[in-house]
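FYI, side chains are in, hydrogens and waters are out, and symmetry mates aren't considered; it's all heavy atoms of this structure. Below, chain A is the first sequence line, B the second, and so on; all start at residue 1. It should be emphasised that the depicted structure is a prediction, and the values quoted were computed from it without experimental measurement.
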Number of protein chains: 2
Amino acid sequence: MTDVSRPAISPGASPLFLREDEIRRGIELLYFGYTRLTNAIDQELAKQSLGRAHHRALYFIARQPDLTVGELLKLLAITKQSLGRVLKELQEQDFILTSPGVVDRRQKLLRLTEKGAGLESELFRQLRQKLSSAYVSAGQESVTGFWHVLEGLIPENDRKMVFDLRGDNG
Amino acid sequence: MTDVSRPAISPGASPLFLREDEIRRGIELLYFGYTRLTNAIDQELAKQSLGRAHHRALYFIARQPDLTVGELLKLLAITKQSLGRVLKELQEQDFILTSPGVVDRRQKLLRLTEKGAGLESELFRQLRQKLSSAYVSAGQESVTGFWHVLEGLIPENDRKMVFDLRGDNG
DNA sequence: CGAGATACGTCAGTCATGTTGACGTATCTT
DNA sequence: AAGATACGTCAACATGACTGACGTATCTCG
């Protein structure tokens with residue numbers, strides 16, 4: 001313990017030894033990065049008189065066609081009343097369509113119309129532009145680090161839900 | 001072009017060639033990671049009858065004591081009417097105090113009271129818990145990658161503002 | 001000095017998105 | 001047949017954003 005220039009405990013041994021500034025930097029970058037990414041599509045959404053809430057629904061339905069209302073509720077973590085309004089508006093404007101569940105007829109399966117798929121892919125295109133330029137400027141190794149840290153922010157109980165978005169379809 | 005199983009151009013050569021799945025993964029992790037991190041302090045805020053908007057103001061004032069209203073407006077990117085309400089409530093509940101600008105008396109300098117500093121540090125403690133456990137589980141190299149990608153999401157024009165939060169004070 | 005720009009505040013109305021609570025109906029499970 | 005589940009819906013309300021208009025104090029500069 002004669003060398004005071006470094007902690008006796010190796011960096012990263014425990015969360016308690018992380019410097020405050022590293023945490024604040026993460027908080028700030030997450031805040032600005034997230035808001036700037038989502039800003040990227042606000043104009044396009046406004047053209048269709050839609051908001052962020054509509055986009056989130058649209059996104060997950062695109063990601064998992066024939067998603068049920070219950071599954072979407074879990075992903076969005078909002079009340080069914082809130083989601084109901086959003087889905088109603090999306091349906092009225094012909095962005096989504098629904099069908100009764102095949103195995104369980106109480107369920108309602110959600111799917112994009114052609115119009116909905118067109119909008120979603122335009123919105124995705126704009127998000128991809130921003131995100132891939134960030135990926136490219138940071139480099140592939142940074143990208144996997146980016147993923148790993150974010151995965152660590154998701155509580156154990158929610159991880160399966162998030163990971164299940166990948167793999168079982170496109 | 002006889003091998004359709006891989007693109008002819010090497011991965012990462014240009015943003016256009018990034019696989020859709022890598023982009024969707026980023027969008028989803030950013031969404032879930034960000035919301036789960038911010039969820040971490042909702043209960044504590046509710047105890048004080050405050051919301052997320054109050055926390056954001058509190059956070060930046062803690063980060064840059066004697067911040068002006070105009071600077072805070074740029075950081076938050078909301079209207080002065082919205083911010084006005086938030087600051088008024090924070091002041092009424094004795095979390096912040098203001099003083100006229102020294103060099104320019106039109107300005108209003110914002111600063112935390114002792115009570116405000118206490119609350120901010122408790123909220124920070126909870127955010128740090130979540131974020132440092134993510135940092136530790138991902139490893140230091142992942143953390144720098146995480147930072148680099150997020151920096152790439154912030155438009156050139158905004159970067160100085162974000163980077164200036166560091167360095168000139170704690 | 002005086003005109004205009006700037007920093008900040010404020011009144012008034014609106015919108016988007018979330019909440020709680022209560023109830024109704026169809027369908028599935030046992 | 002009874003109860004659980006999936007979904008819908010009515011009503012009231014909270015939060016945090018917005019636009020537009022206007023007022024005051026202070027600074028800057030010709």
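For D:dG16, its base never sits under 3.5 Å from the side chain of B:Q81 at any donor and acceptor pair. For A:K108 and D:dG8, a side-chain-to-base donor-acceptor distance below 3.5 Å is absent, hydrogens and geometry of angles not being considered. Looking at B:R85, its side chain comes within 3.5 Å of the base of D:dA17 through a donor and an acceptor atom.
At the phosphate of D:dA17, neither OP1 nor OP2 sits under 4.0 Å from any side-chain N or O atom of B:T79. Between A:R56 and the phosphate of C:dG18, there is a side-chain N or O to OP1/OP2 separation shorter than 4.0 Å. Contact annotation: A:H54 reaches the phosphate of C:dT17 (side-chain N/O to OP1 or OP2, under 4.0 Å).
Ring pair B:Y34/A:Y34 is parallel by interplanar angle, where below 30° counts as parallel and above 60° as perpendicular. Using cut-offs of 30° and 60° for the angle between ring planes, the B:Y135 and B:W147 rings count as perpendicular.
In this structure, CD of A:E89 is placed 8 Å from P of C:dA16, rounded to the nearest angstrom. In this entry the distance linking CG of B:N39 with P of C:dG18 reads 13 Å, nearest Å. If you measure from atom CG of A:L83 to atom P of D:dC7, you get 10 Å, rounded to the nearest angstrom. Across the protein-nucleic acid pair, A:I78 atom CD1 and D:dC7 atom P stand 14 Å apart, rounded to whole Å. Atom P of nucleotide D:dT5 and atom CD of A:E71 are separated by 16 Å, given to the nearest angstrom. Rounded to whole Å, the distance from CG on B:L76 to P on D:dG16 is 12 Å. Rounded to whole Å, the distance from NZ on B:K80 to P on C:dT10 is 11 Å. Atom CZ of A:R52 is separated from atom C1' of D:dC18 by 13 Å (rounded to the nearest Å).
Atom OH in B:Y31 sits 5.5 Å away from atom OG1 in B:T35 (nearest 0.5 Å).
Side-chain atoms of A:E89 and A:Q93 include no donor-acceptor pair closer than 3.5 Å.
Among the protein residues, B:G84 comes within range of no part of the nucleic acid, since none of its heavy atoms lies under 4.0 Å from any strand.
Remark: side-chain polar atoms of B:T113 are paired, donor with acceptor, to backbone N or O of B:D94 under 3.5 angstrom. In this structure, the side chain of B:K130 does not engage the main chain of B:N39 through any donor-acceptor pair within 3.5 Å.
Near DNA chain C, meaning a heavy atom under 4.0 Å away, the residues from residues 91-106 of chain A are A:D104, A:R105, A:R106.
Using a cut-off of 4.0 Å between Lys/Arg side-chain N and Asp/Glu carboxylate O, A:E44 and A:K47 are scored as salt-bridged.
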